[in-house]
Amino acid sequence: MARLDVTETFDGITFPGHLHTQDTLRYAVNFKFEDTDTLIVTYPKSGTTWMQEIVTLVSCGGDPLRAQTQPNWARAPWLEQYYCPHVLNASQGPRILTTHLPHHLLSTALQGSKAKVIYVARNPKDVAVSYYYFHKMAKFLPEPGPFSDFLNDFVDGAVNYGSWFDHVKGWTSNAGNIHNFLYVTYEDMWQDLHGSLERVSRFLQCPLGEEELASAERSCSFSSMRTNSMVNYTLVPKEIMDHSKGQFMRKGKIGDWVNIFSKDQSHSFDGVYASKMADCSLAFVWQNPEETTSLNSRTDAELPTRQAA
Ligand code: PPS
């Protein structure tokens, strides 16, 4: 399956045709969940791979072997991606699944299920920046052009997987309809990885001792994951992900958006955020409290064209 230039539109949302077809998307929407399933749900670039690593490590009692020997997509496949049925047919034991689908596409499939759903969210300015750089390296995503154009599309939801705002609000406002639901943010994991591992282990009912927790914490640190070929996507051929254009494990920080957003862009984003999130009580951490990074004070017109970090 190459289809690098193909875009699939399903229920008004676009998806990369390299990984999705109408059939694979229908398979996801009609998926038969089992009560023992764990489903990781994210909008892209929100901490998906990190949570896949955390859930793997927690399920393995902190033992890093599986995380170091099996690619993330084989141990926690995306429901909507074409290889999912093959991976599930070949696997045994409780399933870890991943999805970027919005809530309304999975609400029927999840109805009545006791599957454990972990929703990971990240502040949308960092998501936009991470997604922008990912578009530069992922050959199955369109060339993003200047950041200002990409940001406009991101705000309008005119990017693959749709609107960040609809995704986050759709899942979190329906949390009460999901039997087992855990909400975690990228910033929670960043600020307190140990505590986040404990929360996930409690939620999954996989209690870990201090040594197991410490082992899991080491394995899912940014530095460890950055060099683990099972999660850093260096196994993917360069025709599909061009690592000369950037790294999948790029910076792994809170607040990197200040290095690319102009003051005008930030101000305008804040206005859109205030209006689109007016009916939502979620609060995000936008900057690393330990860093004193200051917002780029240049105006849009003065911004240089930036290269992948
Ligand atoms: S994807 O393509 O949707 O699966 O991407 P996703 O995994 O959701 O997001 C990738 C970003 O998560 C960062 N990341 C981490 N940050 C800190 N610590 C750890 N362990 C970690 N693992 C992944 C990764 O670097 C991407 O963020 P940016 O800002 O681009 O660096």
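Counting convention: from 1, in listed order, for ligands and their atoms alike. Values below: every heavy atom of this structure, side chains too, minus hydrogens, waters and symmetry copies.
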Contact residues of ligand 1 (heavy atom under 4.0 Å), by chain and number: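 Residues within 4.0 Å of ligand 1: Pro44, Lys45, Ser46, Gly47, Thr48, Thr49, Trp50, Trp78, His100, Arg122, Ser130, Phe134, Tyr186, Cys220, Ser221, Phe222, Met225, Phe248, Met249, Arg250, Lys251, Gly252.
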Could you tabulate the donor-acceptor pairs under 3.5 Å formed by side-chain atoms of residues 197-206, not counting sequence neighbours?
| residue | atom | partner | partner atom | Å |
| --- | --- | --- | --- | --- |
| Arg199 | NH2 | Tyr183 | O | 2.9 |
| Ser201 | OG | Glu198 | O | 3.1 |

By side chain to side chain donor-acceptor pair (under 3.5 Å) - contacts of Lys125 (at least two apart):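 For Lys125 the side chain to side chain donor-acceptor pair (under 3.5 Å) partners, ignoring immediate neighbours, are Ser266, Asp270.
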Minimum side-chain heavy-atom gap Leu79-Leu106 below 4.5 Å: yes
Side chain to side chain contact (heavy atoms under 4.5 Å, CB included) between Phe261 and Leu151, intermediate numbers included: CA-CA 9 Å; Phe261 272 69; Leu151 185 59; 3.7 Å; yes
Passing candidate, side chain to side chain donor-acceptor pair (under 3.5 Å) with Glu8, options His20, His18, Arg3: Arg3
Any residue meeting side chain to side chain contact (heavy atoms under 4.5 Å, CB included) with Asn152, in chain and number order, not counting sequence neighbours: none
